[in-house]
2 protein chains.
Amino acid sequence: MNLPKQHDPDATPLDEAARAAWLYYVGGKTQDQIARELGMSRQRAQRLVSRAVSEGLIHFRLEHSLSSCMALEATLKRKYALKLVRVAPGLGAGADPTKSIAPIAAVEIERVLASAEPLVMAVGTGRTLRAAVEQIQTMQCERHKLVSLIGNISPDGSASFYDVIMRLADRVHAAHYPMPLPVFADSPKERDMFHALDPMRRTMELARSANVTFVGVGQMDDTAPIRLDGFITQEELEAMRNAGAAGEIVGWIYDESGRYLNFGSNLRNAGVRVLPPEENMVVAVAAGNNKVPALRAALSGNLINGLVTDEPTAQALLNP
Amino acid sequence: MNLPKQHDPDATPLDEAARAAWLYYVGGKTQDQIARELGMSRQRAQRLVSRAVSEGLIHFRLEHSLSSCMALEATLKRKYALKLVRVAPGLGAGADPTKSIAPIAAVEIERVLASAEPLVMAVGTGRTLRAAVEQIQTMQCERHKLVSLIGNISPDGSASFYDVIMRLADRVHAAHYPMPLPVFADSPKERDMFHALDPMRRTMELARSANVTFVGVGQMDDTAPIRLDGFITQEELEAMRNAGAAGEIVGWIYDESGRYLNFGSNLRNAGVRVLPPEENMVVAVAAGNNKVPALRAALSGNLINGLVTDEPTAQALLNP
DNA sequence: AAGCAATTTGAGCATATGCTCATGTAGTGG
DNA sequence: CCACTACATGAGCATATGCTCAAATTGCTT
């Protein structure tokens, strides 16, 4: 029988956490039972379960679309002529909307990657996309190509934290093409030098030919991620705002009608600009009150034709 | 902000359950908070969450392979020359092993269906497969064909409860070919009549050409599902046992070396027999102590070349 | 419209969970 | 070899969860 195991010796800590979480969520046992079965204190079992959750060893996935969210999806789709809209149930006032949209975005990315024909998928960066990628399940996608729209080198020279493409490629086993250049060059001249390099040119060409693109959207208020992560200074940010900046996609700043500014940091951006999609899909993954103006602008300029957001944001986008 | 919603009127009960579960598992809120946010009693919130779990609106998925299970997989793979082995962590003594293997089997079925090339997938029936299918996430698989190996008409004339193919096709949106005939004919003659029908012949041909097959495995002790579901009588079962019956796949009974008996109910079975795979894959999804002899027999006869089971069963299969 | 059965509801309570804190233990650098 | 830091552990407790039961509601039949 399954009496207390004397603490299986050849088990990594994460193994134990995974097993405890399995017994808890899949098996529906109490932590007390689990502790006894695994020969440990109830404390430890509790910690293992909570560890498994926080380390993302266990995923929760809702297999049911709320009708209220579906209604918002339909309305948004019509209003902005979008091809894809997903609205995640809101998590209420204080919560981080990233938590809410990440699992939904993950499902959509998986759905795209499940396609039979080989695709080129371009991806941006950012906290939200990063969180989404963490939720993607592993799959075999050798037929697809993943390409980054944006350099992976931070101002301080390190690889950017929110580098999404590598993690995604890891999970889905697809060929991937990161862009080994700074996000912003020091000058337009330097940027042109990078762009003159042949391998760079090919990667950028690939990115521009992507069938599907997933990007985050950055706001331009004082919490602008582009500033918080040290890509531009507060002064530059203010200058861009004065020039009409409403939002930003892979670092490219656009005004409230979704037109890219020909000014300031945009002149140094070394990455690929997302252009209004025609046959291809450009899906923005973003939610939160402070992103509403940026999203609205991107939508009016038809910079995107797909949107993954949450309930309150969807509502805000519909209330003019 | 998000103060108590006065009980959203246009929400189905399942909608509410899904929303509560979302807030609970994804949002990490307490049921008390959820109740306040949704304007209901804590009780109700509690019930909604537990309902969402029991109705399968929310799925738990482990994104981490336990090393002890991986070791068992490797050993089984070698010992029986299998192409695919997955071992789910056991849920301990009393628990229903179906609960344990269903999510793992679901992942494997998804993985197969994610394939780029069009496939023919044949499926059997049974409680275990049925539970696995409930765990599969929805996907778009128009390129694939799903075909049933077994009739979907019970002895009492109703459609069989554990009919798997329709549910699976529903979820994954694939073309599907059920077999509108009884599981067992009344006589060999009647069976031949069914088989003479042209559409039936084509479906059976399709089933025999399947690239991948997923089946359950039935035991031959007094808990034999084939008897419990009224397909054969206790007397027939005993007769088959006396003739050496060790297990059953889609109703076809085989002996301990995995050879089909040419006897009894096998003479009336109207479905397609699973033959030892060559290029194709035949994956058995089964676990539990009482299934060990049936599994062992199927493995010795090379009736299957893939196995999804749980830890205790894997261990039992390895201890001779 | 009344009566009945079946389901839903909330109160109260036993149990399970998770947090804090004091203590222990391993690993590191002097 | 000792001192120190960082992290792991278990006890105790406040809180969250889920079960039971009695009351209320719903839907259905007469």
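No experiment lies behind these values; they were computed from the predicted model shown. In the text below, chain A, chain B and the rest are named by the order of the sequence lines, each starting its count at 1.
Legend: residues meeting side chain to side chain contact (heavy atoms under 4.5 Å, CB included) with Leu129(A), ordered by chain and number and at least two apart, are Val164(A), Phe214(A), Val285(A).
Counting to the nearest Å, the P atom of dA11(C) and the CE atom of Met40(B) are 15 Å from each other. Atom P of nucleotide dA8(D) and atom CZ of Arg44(A) are separated by 10 Å, given to the nearest angstrom. Between the P atom of dT17(C) and the CZ atom of Arg36(A) lies a distance of 11 Å, rounded to the nearest Å. dG10(C) atom P lies 11 Å from atom CG of Leu48(B), rounded to whole Å.
If Arg51(A) and Val49(B) are placed on DNA chain D by their nearest nucleotide, the residue sitting closer to the 5' end is Arg51(A). Of the two residues near DNA chain C, Arg47(A) and Gln31(A), the one whose nearest nucleotide lies more 5' is Gln31(A).
Of the N and O atoms on the side chains of His176(A) and Asp170(A), not one donor lies less than 3.5 Å from an acceptor on the other residue.
Residue Ser50(A) places none of its side-chain N or O atoms closer than 4.0 Å to OP1 or OP2 of dG18(C). Residue Gln46(A) places none of its side-chain N or O atoms closer than 4.0 Å to OP1 or OP2 of dT17(C). Residue Ser41(B) places at least one side-chain N or O under 4.0 Å from the OP1 or OP2 atom of dG10(C). In terms of phosphate contacts, Tyr24(A) brings no side-chain nitrogen or oxygen within less than 4.0 Å of OP1 or OP2 of dA16(C).
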Write down the protein N/O and nucleotide N/O pairs, taken from nucleotides 12-14 of chain C, whose separation is under 3.5 Å; answer none if there are no such pairs.
unit_1	atom_1	unit_2	atom_2	d
dG12(C)	O6	Gln43(B)	NE2	3.2

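Residues Glu110(A) and Arg171(A) are not paired through a salt bridge, judged by the lack of any N-O separation under 4.0 Å between the basic side chain and the carboxylate.
Each end of the helix from dA1(C)-dT30(D) to dG30(C)-dC1(D) gets its own rotation axis from five pairs of C1' atoms, and the angle between them is 30° to the nearest 10 degrees.
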